[in-house]
Amino acid sequence: MHIRGDHAELVVGGRLDVRSAADARTVLHAAVDDGVGDLLLDLSELDSWDATGLGVIMGAHRRAGRCGRRLVLRDVPPQMQRLLVATRLHRILAIEGGIGVDTLPRV
């Protein structure tokens with residue numbers, strides 16, 4: 001997993017899973033704490049995430065809210081969009097452009 005960027009925009013790539021969760025949490029929390037306004041999380045380079053990785057995203061979302069900020073997801077890969085819809089988290093998280101539930105490919 002890799003994360004690059006600053007307190008306004010981060011690009012997450014690789015696998016966000018139980019092995020990378022602690023490092024990702026540290027970087028995301030620092031970005032939330034050090035900035036103002038929306039924190040854009042570009043997921044275009046993300047290969048996969050598991051429940052732990054999704055928990056890291058939700059934790060960053062909650063922390064951002066407590067800091068008066070908003071975590072916004074950008075370029076969520078289709079497979080991960082389906083998971084957000086299945087867990088109904090697409091209703092809670094801010095997703096740039098939204099998720100077209102009717103346009104997601106069926107698996």
Side-chain angles (χ1 to χ4, degrees):
M1 188 241 3
H2 64 273
I3 300 177
R4 66 179 188 278
D6 57 26
H7 59 272
E9 182 174 347
L10 296 171
V11 178
V12 180
R15 297 174 59 112
L16 183 54
D17 57 20
V18 69
R19 290 180 295 267
S20 59
D23 291 337
R25 186 177 299 110
T26 300
V27 172
L28 289 174
H29 287 188
V32 167
D33 294 346
D34 293 342
V36 294
D38 288 352
L39 172 58
L40 187 63
L41 200 58
D42 184 324
L43 303 179
S44 61
E45 297 178 16
L46 191 62
D47 297 327
S48 65
W49 59 17
D50 65 7
T52 305
L54 190 53
V56 169
I57 299 291
M58 290 306 299
H61 163 77
R62 285 189 301 275
R63 189 179 189 105
R66 287 191 305 268
C67 292
R69 298 186 73 186
R70 190 173 69 132
L71 183 71
V72 180
L73 305 182
R74 172 189 282 170
D75 292 331
V76 181
Q79 180 180 13
M80 284 156 250
Q81 288 183 24
R82 285 191 293 277
L83 181 60
L84 291 174
V85 169
T87 58
R88 297 185 180 200
L89 292 175
H90 71 290
R91 296 178 179 187
I92 297 169
L93 294 167
I95 302 168
E96 191 176 78
I99 291 181
V101 177
D102 296 332
T103 61
L104 287 177
R106 296 190 191 275
V107 180

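Everything numeric here is computed off the predicted structure, so don't read it as measured data. If you read the sequence from its start, that first residue is 1, and numbering goes on from there.
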- What are the two closest heavy atoms between Ala24 and Leu16, and how far apart are they? CB-CD1, 3.5 Å
- Taken to the nearest 0.5 Å, the spacing of Leu41 CG from Leu43 CG works out to 4.5 Å
- How close do Asp6 and Leu10 get, heavy atom to heavy atom, and via which atoms? O-CD2, 3.3 Å
- Query: If you measure from CG on Leu73 to NE2 on His90, what distance do you get to the nearest 0.5 Å?
  - Reply: 12.5 Å
- Sequence neighbours left out, what pairs pass salt bridge (charged side-chain N to carboxylate O under 4.0 Å, His left out) with at least one residue falling in residues 66-80? Glu9-Arg74, Asp38-Arg70, Arg74-Glu96
- Message: For Val18, is there any backbone N or O sitting under 3.5 Å from a side-chain donor or acceptor partner on Asp50?
- Response: yes
- Task: Check step by step if side chain to side chain contact (heavy atoms under 4.5 Å, CB included) holds for Glu45 and His2.
- Result: CA-CA 9 Å; Glu45 297 178 16; His2 64 273; 2.9 Å; yes
- Verify side chain to side chain contact (heavy atoms under 4.5 Å, CB included) between Val12 and Ile57, making sure each step is shown before the conclusion. CA-CA 11 Å; Val12 180; Ile57 299 291; 5.8 Å; no
- Just jot down the side chain to side chain donor-acceptor pair (under 3.5 Å) partners of His29, sequence neighbours excluded, or say none. Arg63
- Message: With heavy-atom distances below 4.5 Å as the criterion, would you say the side chains of Leu84 and Leu54 are in contact?
- Response: yes
- Would a hydrophobic clustering, with Ile, Leu, Val, Met, Phe, Trp and Tyr connected at side-chain separations under 4.5 Å, put Ile92 with Leu28? yes
- Message: Hydrophobic clusters here meaning ILVMFWY residues chained together by side-chain heavy-atom distances under 4.5 Å, can you tell me if Val85 and Leu83 are in one?
- Response: yes
- Would you mind reporting whether Leu46 and Met80 have side-chain heavy atoms less than 4.5 Å apart? yes
- Query: About how many Å separate CG of Leu89 and NE2 of His61, when rounded to the nearest 0.5 Å?
  - Reply: 9.0 Å
- Locate the shortest heavy-atom distance separating Ala64 from Val32; write the atom from each residue and the value. CA-CG1, 3.6 Å
- side chain to side chain contact (heavy atoms under 4.5 Å, CB included) between Leu93 and Met58, intermediate numbers included: CA-CA 8 Å; Leu93 294 167; Met58 290 306 299; 3.7 Å; yes
